[in-house]
Structures are given as structure tokens and as C-alpha cells.
Amino acid sequence: MAIIVKKFGGSSVSTIPKLKNIAKQILIEKNSKNNILIVLSAMGDTTDKLVVMSNKASKSPNPKDYDMLLSTGEQISVSLLSMILNDLGIEATSLTGWQAGIRTDSANMAARISNIDTKRIKLEFSKSRIVVVAGFQGIDSQKNITTLGRGGSDTTAVALAAALKAKECQIFTDVDGVYTTDPRICSKARKLEVLTYEEMLEMSGLGSKVLQLRSVEFASKYNVPLRVLHAHQEGSGTLIKKEEKKMEGALISGIAFTKDEAEVMIKGVKDEPGVAAKILGPIGEANIEIDMIVQNVGSNGLADFTFTVSRNTLKKALQVIDKKKKIMMYESVSSKSNIVKVSLVGVGMRSHAGIASKMFKCLAKNKVNIRMISTSEIKISVVIDQKNLEIAVQALHNEFKLEKK
Ligand code: ADP
Ligand code: ASP
Ligand code: MG
């Protein structure tokens, strides 16, 4: 029997009536003879509330306790849905991540799934039960509960789909598919019918949080067809799959953005070999991820070095730079946190020149100043001031004719 994995996100399971509506959908689908595995997020903003509670309880919560606390949200939703299904006469079992066999490394709050023992799930399937698994959590080799990073239920679903060789992994959420850009920022955003893993990897990696990046990495690695759908409306959603020859890549498939960027400028460093390593080495050692880097050659053998980091690591980065002043040997440091990154993504870019200049001209026409640029084969990213985010996204959406037809 084929297996279908269905994941429902927080806003889609925020109330009991919503859970009952999902159960009704399952009742209809139960006759299709597929084994159904459901992965749920915590209800509504439960996880946010748990984060607030932990911050009230402790200035720096112990990561193990923090994961223990955060993992409780998903246990509420799975147990409730399982009860509702059983009431409807559909045999169901709710399982925590560890009961479902999800083993992870020990990186609390951002653990990676290392392997999945599917024995228990298969046993439940053999009894014709629907299995409802708590997303976002697993267990490490020391039997500590871990969580997979915010948005991690997507990854639970795709990893289970890969391990069970499911026919499809369906991600149900509060939008009816993946759009050319976040429909909350651009009302003209258009739903995409199909997208390649590569394009979705770029979209997620560059900030489209409709799917957690790691879930797309899993899907791509194990070739799991992924479909994003609305949880409470009919529709075919967006299918994300391997690139096929006949899939004529759209020139631009979408515009992604991240709001959590920050810029660090180190002025007056020596313009000589090894300087980048001297600056970036200690930052990397402190586990701070650097995104874009620009070095401007100045005068008198000195240069300026600018790079971006995630906004929540800015403080730590500045502390490292201050501590390592003697090694880095700079004149001054400054930072700016009200910046954002906007990216154009599309596999069609590979075979088309001139996209970057069209993008830059469009931004100039709209008086949006570009602070930094980075490009790859299928994306162009710019860092701009936060106040220009909406103007930039909407102008680019128009310029590249991504709107609804
Ligand atoms: P869930 O709680 O179901 O996991 P998320 O909030 O994580 O849902 O993801 C859905 C949200 O992603 C949408 O409400 C939308 O605002 C946002 N989003 C960002 N970029 C896109 C995009 N390109 N297409 C669709 N939604 C997007
Ligand atoms: N509940 C977790 C979160 O809010 C995981 C998820 O929803 O995917 O991040
Ligand atoms: Mg999500």
C-alpha cells in the first residue's frame, strides 16, 4: 500500500474546529487505500508562548530543558487529533517524535535528524491505523529530547516521507501554494503550479519561510515529491520536484527576502594577503554564519571590510571583533541592523544574460539604494535598507512580469 505523509502547520491546527475539519478530510481520504501518516505542528502560536515562558523563567534557559518545554506543544495537537479521529471511527495513534523513531544529533534547538527507525510506524500501519506524529522533535543518542529549529515540522514530515518511501509529502498551510513572492507583501503575487527542488532550495534559503530549508534539502536528496496546499481549501497547490528536461525553467520563479539581516563594517584593515581569514576566522569559530562579504580597497594600503550576519548574532559578532582587535588590526567598527536582503530566483537565469542589470535599473528607478550584491547561477541577491523592502519587492515583481495573468 502506498504511503502519503500530510503535515499541517500551526495556524491550520490552531483550534479544535480546525482539527475536526482536518479529521473530516482524512475520513474522506481513508477510502483511497493509502496508508496515511500525519505530522502536526503545535496549535497556533503555542511555540511562541512557550518561548516567552522560558524567557520569563530563566535568563539563559538550559538548552535541554528548553527543548523539553518546546516539544510539549506538538504533543497537545497530535493527541487531540488522534482523539477526534478515533471518535469518527478512524483508528489512529498519536506518537511523539521519539516514539516514531526520529533520532537526531545533540544540537539542542537546531538538531539534525540522523536516522529514523520506522518499526513502530509500520506496526501501526499493519493494524490499519492512521499515525499522527508530533513534528519538530526527536531524541538524541543520550535519550534527550531535541527540537529541529523553528519551522521544523516540515522537516519531520519530509524525513518521514523519505524513510517510508512515501508517494508524496503534502504540506498543508495557510496559503494555497508557493507564490512568486510572499503574498502578504505583494498582493499581485501569483501561485506557482510547479517548482524545482533547486528553485525551492534558493527560495527557502533566501527567506521564504513557507518551507523550512532543511525540509527541502531532504526532499531533494531523497527525491520526495513535495506539495504545498491550503489546509482548509480545495486545490492542487504547488508541486516541488526534480528538474526535468521538458520543464522550461521560468526566467524568474520568485522573489524571496529576509528581514533578519545585519551588516558589520570594519574600517581601515591592512590591504594584504590573509586579512580576510584574520577577520572571518574568529567569527566562524564563534559559530556565527556570515552571508555576504564585500572588501573595498581604500587608500594608504588600507581597506574596508563589510559583511552581513543574521540579526540575532550581531551582538555576538561585535563582541568577537572587539575581543580580537589586536589580531584583526582595524581602525574602527560600525554596524547597521535595519537592512534586508531581497533575492530574485529562477533556473531560467542560467541561460539569460542581463537580468542583474535589469534588476539594478529597476531598483534605481525606484530610488532604492543597493548596499551589497551577491549572485549565483540561479539567483541575484541585494542588501537594501529595511524601509525599502516593500517598494523593492513590488517593483521587481512588476518589472519581471510575475503578476497574476
Ligand atoms: P505553517 O504554520 O503552516 O508552517 P508558515 O507561517 O511557516 O506556515 O508558512 C506559511 C507562510 O509563508 C505564509 O503565510 C506566507 O506569508 C509565507 N510565505 C513567505 N514566502 C512565501 C511564498 N513565496 N509563497 C507562499 N507563502 C510564503
Ligand atoms: N511549532 C514549531 C514552530 O513553531 C515547529 C513548526 O511549527 O514547524 O516553529
Ligand atoms: Mg512553517
Side-chain angles (χ1 to χ4, degrees), residues 4-14 18 21-22 25 29 41 151 153-154 157-158 161 167-213 215-216 219-220 224-244 246-259 342-349 355 359 362 378-380 389-405:
I4 303 273
V5 175
K6 292 170 177 285
K7 177 259 171 178
F8 292 86
S11 54
S12 313
V13 298
S14 58
K18 283 188 180 172
N21 188 31
I22 290 168
Q25 291 177 38
E29 195 159 337
S41 288
S153 298
D154 295 335
V158 181
K167 200 163 81 179
E168 190 169 281
C169 181
Q170 302 170 342
I171 306 285
F172 292 89
T173 181
D174 59 356
V175 277
D176 61 351
V178 179
Y179 278 69
T180 45
T181 191
D182 189 339
R184 289 180 211 278
I185 290 279
C186 179
S187 58
K188 290 185 181 162
R190 175 171 49 89
K191 184 172 83 78
L192 299 161
E193 290 306 313
V194 51
L195 214 63
T196 66
Y197 291 129
E198 218 181 342
E199 286 170 320
M200 195 65 231
L201 278 171
E202 290 286 359
M203 292 279 278
S204 291
L206 295 165
S208 297
K209 70 167 192 135
V210 59
L211 287 173
Q212 196 199 35
L213 176 61
S215 73
V216 190
S220 165
V224 180
L226 251 184
R227 195 182 287 275
V228 177
L229 300 135
H230 197 292
H232 302 284
Q233 287 169 15
E234 295 258 326
S236 56
T238 300
L239 179 64
I240 300 145
K241 59 175 196 169
K242 202 156 100 187
E243 186 172 356
E244 288 168 9
K246 62 180 187 325
M247 271 167 88
E248 169 112 9
L251 188 58
I252 305 295
S253 49
I255 303 171
F257 55 86
T258 51
K259 292 188 196 167
V342 175
S343 311
L344 279 184
V345 177
V347 286
M349 266 188 222
I355 296 189
M359 179 183 192
C362 167
I378 67 161
K379 73 118 205 278
I380 305 166
L389 173 66
E390 292 191 14
I391 297 173
V393 170
Q394 288 164 5
L396 291 170
H397 204 271
N398 276 337
E399 184 71 35
F400 288 93
K401 302 196 168 36
L402 301 178
E403 67 270 23
K404 291 173 193 156
K405 300 246 162 57

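As the structure is a prediction and not an experimental result, all values here were calculated from the model.
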Spatial distance of atom CD1 (I185) from atom NE2 (H397) [nearest 0.5 Å]: 12.0 Å
What I'd like to find out is whether the side chain of V210 reaches to under 4.5 Å of the side chain of M200, using heavy atoms alone. yes
Looking at K242 and Y197, would you say the former's side chain and the latter's main chain have a donor-acceptor pair under 3.5 Å? no
Find the distance between CG (L402) and NZ (K188) and round it off to the nearest 0.5 Å. 11.0 Å
Within the supplied structure, the quantity of interest is the number of heavy atoms (other residues, nucleotides, ligands) at a distance under 6.0 Å from K167 NZ; does it exceed 12? no
Is the closest side-chain heavy-atom distance between L344 and M349 below 4.5 Å? yes
I240 and side chain to side chain contact (heavy atoms under 4.5 Å, CB included): which partner among V178, V224, L192? V178
Give the C-alpha distance, both sets of side-chain angles, the deciding distance and a yes or no for side-chain contact (heavy atoms from CB on, under 4.5 Å) between N21 and Q25. CA-CA 6 Å; N21 188 31; Q25 291 177 38; 4.1 Å; yes
Where D176 and K191 come nearest, the two heavy atoms and their spacing: O-CD, 3.2 Å
Atom pair OG/CG of S14 and D174 - distance to nearest 0.5 Å: 9.5 Å
What's the spacing between L211 CG and K7 NZ if we round to 0.5 Å? 8.0 Å
Using side-chain heavy atoms (C-beta onward) and a distance below 4.5 Å, is S12 in contact with H232? yes
Quick one: do K401 and E403 make a salt bridge, cutoff under 4.0 Å? no
So do L206 and T258 actually touch side chain to side chain, heavy atoms under 4.5 Å? no
Less than 4.0 Å between a side-chain N and a carboxylate O, is that true for K209 and D154? no
Just jot down the ring pair (Phe, Tyr, Trp, His ring centres under 6.0 Å) partners of Y179, sequence neighbours excluded, or say none. none
Rounded distance [0.5 Å steps], CG in L229 versus CG in L239: 9.5 Å
Run the side-chain contact (heavy atoms from CB on, under 4.5 Å) test on L201 and E199 for me, step by step, so that the C-alpha distance in whole Å, both residues' side-chain angles and the decisive distance to 0.1 Å come before the verdict. CA-CA 5 Å; L201 278 171; E199 286 170 320; over 6 Å; no
Rounded to the nearest 0.5 Å, how far apart are OG of S236 and CD of E234? 10.5 Å
